[in-house]
Amino acid sequence: MPKDSVLVLDFGGQYSHLITRRMRQLKVYSELIPFDTPLVKIRSIVPKGIILSGGPASVYDKGAPMPDAGIFALGIPVLGICYGLQLIAKVLGGVVAKASKREYGKTVVELDNSSLLFEGLLKKTVCWMSHSDHITHLPLGFRSVAHTGNSENAAIENSKRALYGLQFHPEVTHTPKGMTILENFALKICGCTPSWTMMSFVDQAVHEIRAKVKGEKVVCALSGGVDSTVTALLVDRAIGRNLTCVFVDHGLLRKSEATKVLRILRDSFKLKLIQVDASDRFLRRLKGVADPEEKRRVIGEEFIKVFSEETKKLGAFKWLAQGTLYPDVIESAATAGKASRIKTHHNVAGLPSWMKFQLLEPLRFLYKDEVREVAAIIGLPGEIVNRHPFPGPGLAVRILGEITSDKLYICREASAIVEEELRKIKIYGKAWQAFAMVGDDKAVGVMGDERCSGHIVTVRVVESTDGMTADWMRLPPQLLERISTRITNEIRGVTWVTYAITSKPPSTIEPC
Ligand code: XMP
């Protein structure tokens, strides 16, 4: 854990994870933790400040989420945002009530610049509001430091106790000066040194891995993607020859997946690497499995079985290193246990209970763009650094329904065409992910002079910064046409090509 950190207590707001992102952009380490994290745990982290996120509840509701009130007596600065502000007011003796008018959207706010929170800002600024409750009576020792046409207490402070609250959301881009406010809080009020850089992360991760693992042996699940590759290289830096990497080909990889990556890791980085072709075994186990969550479970379980068998042959291993990232942890609801589980990412919540390894996940608190920065720092070539993310269960989550050899062939070949065409016009790097999916739906086509029936392939290309939200990419029509023509011409059994134009939410990136 870096020396200076700001904890964000998650009350279920849709922007909660954005607050941690903003802190990290300010080079201050930040973690999102459940709102009811026990005080002893918070104290043990020794944060320099705490932020209380927004959330959908009302503080006066029965069963409204409440933190341990001891956080206000830790003597460290606290900033409440929206629900967090109302919570500070309620817990410390103020009154919160339903406002007569809901305040939503871009709003002009008038600031009291004598507050340290607003140093360097003009008197009037635009902010993003989204609330229907407001403070009617301030708690003792607090003063209002901002107001809008609708809210008398758009920001409050008790500077003596370093307690602050904002009714609006500084973390969203619709509050243009929000970063300055968060910077004032983190650097000026909490006194954090902006020292969280990916360079410092590398040193710290290597140190922590070494301290944790000591002289024991580690096996790393290498997939060829940037996350597991970076994981392997960090562990290699920390413990060298005590690391063995195992690459399992589950038969659901992208076309020519990993061969290049594995060569680089063997030749340039001299990693101890074992390659296992388990494709027959995985595909046999997946026969008849159509449910996406069941596919994930089967793949996760089989993965660990293969690992156990392979590593048993090599001697005793205590640790399993894998490239789990922060969004995987959040989306598998393994953090707060409050967010609803969206998908069981096979490498987080899908591990079988009999698994004997202890987990080593050095990237568990990083976002993808941070991992890419680490990858560049440790010397990985651009083509690995910028490779699109690929889910652990591979093409299994891009094939709707049962996995058959026909559908696997179509999905793999069509995805390769999509990637190739994006690369040709140099927009591969702009996309977060680009692939093709296929299901059992068929449509009529004409091939030669014959009427025939074939699969419908759907192309999905999305832009995103961290995979948590995504938007479909507005591709040029000529490119879509080329992709469609190539897929129907080059892949047997495809008669139609469609393009997915839903964002996340409401869709997810992968179709299952
Ligand atoms: P969704 O489909 O949930 O995907 O919008 C968000 C990001 O996570 C990847 N993903 C997975 N990664 N195991 C993984 O390791 C999985 O089961 C899994 N499902 C989705 C997805 O590719 C995207 O980048």
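What you see below is based on every heavy atom in this structure, not just the backbone, and it leaves out hydrogens, waters and symmetry mates. Both counts, for ligands and for their atoms, begin at 1 and track the order of listing.
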V459 versus T498: any side-chain heavy-atom pair under 4.5 Å? no
If hydrogens are left out, which of K504, Q433, R398 has an atom nearest to atom 23 (C) of ligand 1, that is, the closest non-hydrogen atom? Q433
Candidates G225, P393, P389, P292; heavy atom nearest atom 13 (N) of ligand 1 found on P393
Please determine if G467 has a nitrogen or oxygen closer than 3.5 Å to a nitrogen or oxygen of ligand 1. no
Does ligand 1 come near enough to F390 that some N or O of the ligand is less than 3.5 Å from an N or O of the residue? no
I need the full list of salt bridge (Lys or Arg N to Asp or Glu O under 4.0 Å) pairs touching residues 382-393, with sequence neighbours left out, sorted by first then second residue. E257-R387, K260-E383
Classify the ring geometry between W128 and Y104 as parallel (under 30°), tilted (30 to 60°) or perpendicular (over 60°). perpendicular
Could you give all pairs that pass the side chain to side chain donor-acceptor pair (under 3.5 Å) test and reach residues 235-248, with sequence neighbours left out? none
As an exercise, identify every atom of ligand 1 less than 4.0 angstrom from a heavy atom of W432. 24 (O)
Is there a donor-acceptor contact under 3.5 Å linking the side chains of S53 and S16? yes
